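Contents: one structure, followed by commentary.
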Amino acid sequence: MDSLQTRNQAVSQDVERVETAVARLLRLGTAVAATLIASGLAVILFHLPVGFGPQLVTAGIIALVCTPLLRVAAAMVIYLRLGDVVYGLISLAVLLFVFAGMLLGDSQ
Amino acid sequence: MTPITLTLAILGTSLVAGLVGSMLGLGGGIIIVPALTLVFGYDFRTAVAASAVAIIATSTGAAVAYLRDHITNTRIAMFLEIGSTLGALTGAFIAGYVPARFLFLLFAALMAYSAWSMFRARNMDLPENVVPDRLSRRLQLSGSYYDQALGRTVSYHATGAIPGLLLMYVSGAFAGLLGVGGGTFKVPAMDVVMKLPIKVSSATSNFMIGVTAAASATIYFVRGDVKPLVAGPVALGVLCGALLGSRLMVRLKAKTLRLLFVPLLAYVALQMAWKGVTY
């Protein structure tokens with residue numbers, strides 16, 4: 001019973017670490033994307049004398065699109081570093097399916 | 001409409017989409033696509049591309065709060081993402097070989113069944129007497145969170161890991177084939193089949209939809225369908241809405257969430273049935 005409790009505590013600590021890292025990454029991605037998009041829109045709409053408004057918005061959208069993929073990659077690295085091979089491989093499989101989907105969709 | 005008024009109108013609409021989408025675990029596309037095409041007059045491709053960006057914004061914006069509150073279960077999300085991403089891949093492969101009318105009608109029937117199942121469970125706050133199956137135990141598909149509406153910590157276990165995974169595969173395949181079925185299918189699958197608390201189902205679905213949408217958004221991006229002046233305000237509005245929605249959802253009772261979900265499922269079922277009949 002003690003060993004089971006210890007194991008459960010270790011698992012929840014690992015989950016906590018993964019979730020904290022993923023939450024940080026998502027917060028950063030959201031902040032970067034929102035700042036870039038808002039700045040770009042301000043440049044375009046208020047005709048500010050800066051020539052790269054649309055590029056700023058596009059960069060913000062790219063940052064937003066990359067964030068969920070980065071969080072899967074980050075989770076994979078953390079799981080593997082924590083020795084959780086099963087979830088490390090699950091994350092890897094998800095990433096591979098997503099990239100295969102992108103390639104297939106692009107070719108179609 | 002001046003460009004500033006138009007941008008503000010899109011921002012406002014997207015804020016509502018993000019609010020609803022983040023509370024119910026959907027992407028918000030259900031609001032974004034009709035609004036952009038019917039109200040703002042954009043073409044379907046631009047609207048669908050903006051909707052993919054909106055789904056990512058909802059997922060990312062709300063996930064921070066749900067992770068902090070431990071409502072999202074990252075293990076369940078990661079496990080089920082195998083099904084949804086593989087399903088999306090299969091959907092893209094077999095698109096064109098499967099009759100769309102049949103798919104629309106099948107999807108409508110599944111949505112109607114999900115609406116009925118959720119309606120029957122409308123008075124249930126939390127699933128009771130859930131016995132985890134072997135795979136759920138092996139993968140530690142369990143967790144706990146503090147429920148603000150109930151004022152106590154809720155511990156839960158998932159069950160039906162394989163049926164849940166298969167349903168995620170079907171959900172991904174529908175998304176790949178028809179461009180629908182993101183959260184609307186995932187939430188009832190987790191709620192009805194895996195017996196997870198509705199808040200966990202909603203937050204976990206919300207977390208998952210961003211990954212599959214990222215793949216579609218990249219493709220739309222490469223094709224040039226993502227228009228900065230449309231997708232930009234949509235993303236910004238949805239992000240703000242999702243931040244608000246994620247704070248609101250934790251205060252809602254499970255019963256209220258179900259009651260919000262049932263008419264939405266019924267609406268999607270009718271919409272899909274209509275598409276199937278008139279295809």
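None of the values given here were measured: they were computed from a predicted structure. Below, chain A is the first sequence line, B the second, and so on; all start at residue 1.
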Problem set entry | I37(A) to G232(B) - nearest heavy-atom pair and separation |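 That closest heavy-atom pairing would be CG2-O, 3.4 Å.
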Seminar exercise, completed: Closest heavy-atom pair, I56(B) versus P68(A), reported as atoms and distance to 0.1 Å, is CG2-CG, 3.5 Å
Please round to the nearest 0.5 Å and tell me the distance separating atom [atom1] of [X] and atom [atom2] of [Y].
| X | Y | atom1 | atom2 | answer |
| --- | --- | --- | --- | --- |
| L70(A) | T60(B) | CG | OG1 | 10.5 Å |
| L89(A) | M78(B) | CG | CE | 12.0 Å |
| L86(B) | F97(A) | CG | CZ | 4.5 Å |
| I61(A) | F221(B) | CD1 | CZ | 6.0 Å |
| L96(A) | T85(B) | CG | OG1 | 9.5 Å |
| L67(B) | T20(A) | CG | OG1 | 8.5 Å |

Seminar exercise, completed: Most heavy-atom pairs under 4.5 Å with chain B, out of V72(A), L64(A), D84(A), V22(A), belong to L64(A)
Exercise. Hey, are the side chains of V211(B) and R71(A) touching, using non-hydrogen atoms and a 4.5 Å cut-off?
Worked result: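 With C-beta onward as the side chain, the pair touches.
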Exercise. Is there side-chain contact between L26(A) and F207(B), with heavy atoms separated by less than 4.5 Å?
Worked result: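 Side chain of L26(A) against side chain of F207(B), heavy atoms only: contact under 4.5 Å found.
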For the candidates [options], which exhibits the highest count of non-hydrogen atom pairs separated by less than 4.5 Å from chain A?
| options | answer |
| --- | --- |
| A214(B), G210(B), P3(B), G61(B) | A214(B) |
| V64(B), T212(B), T72(B) | V64(B) |
| A57(B), A235(B), A63(B) | A57(B) |
| V226(B), L236(B), L229(B), L243(B) | L236(B) |

Side chain from CB out, backbone as N, CA, C, O: work out which of these in [X] comes under 4.5 Å of a heavy atom of chain A, or both, or neither.
| X | answer |
| --- | --- |
| A88(B) | neither |
| L239(B) | side chain |
| T74(B) | both |
| S84(B) | neither |

Exercise. Is NZ or CZ of R75(B) both nearer than 6.0 Å to the six-membered ring centre of Y79(A) and within 45° of the ring axis?
Worked result: no
Exercise. Under 6.0 Å from the OH atom of Y146(B), do we count more than 12 heavy atoms belonging to anything else shown?
Worked result: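 Enclosed.
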Problem set entry | Salt bridge R68(B)-E16(A), side-chain N to carboxylate O under 4.0 Å | no
Chain B heavy atoms under 4.5 Å from [X]: which part of the residue, side chain, backbone, both or neither?
| X | answer |
| --- | --- |
| V86(A) | side chain |
| F99(A) | neither |
| T58(A) | both |

Exercise. Side chain to side chain contact (heavy atoms under 4.5 Å, CB included) with L45(A): which of T7(B), T2(B), L6(B)?
Worked result: T7(B)
Exercise. Judged by atom type as modelled, is there a donor-acceptor pair below 3.5 Å linking the side chain of Y87(A) to the main-chain atoms of L139(B)?
Worked result: yes
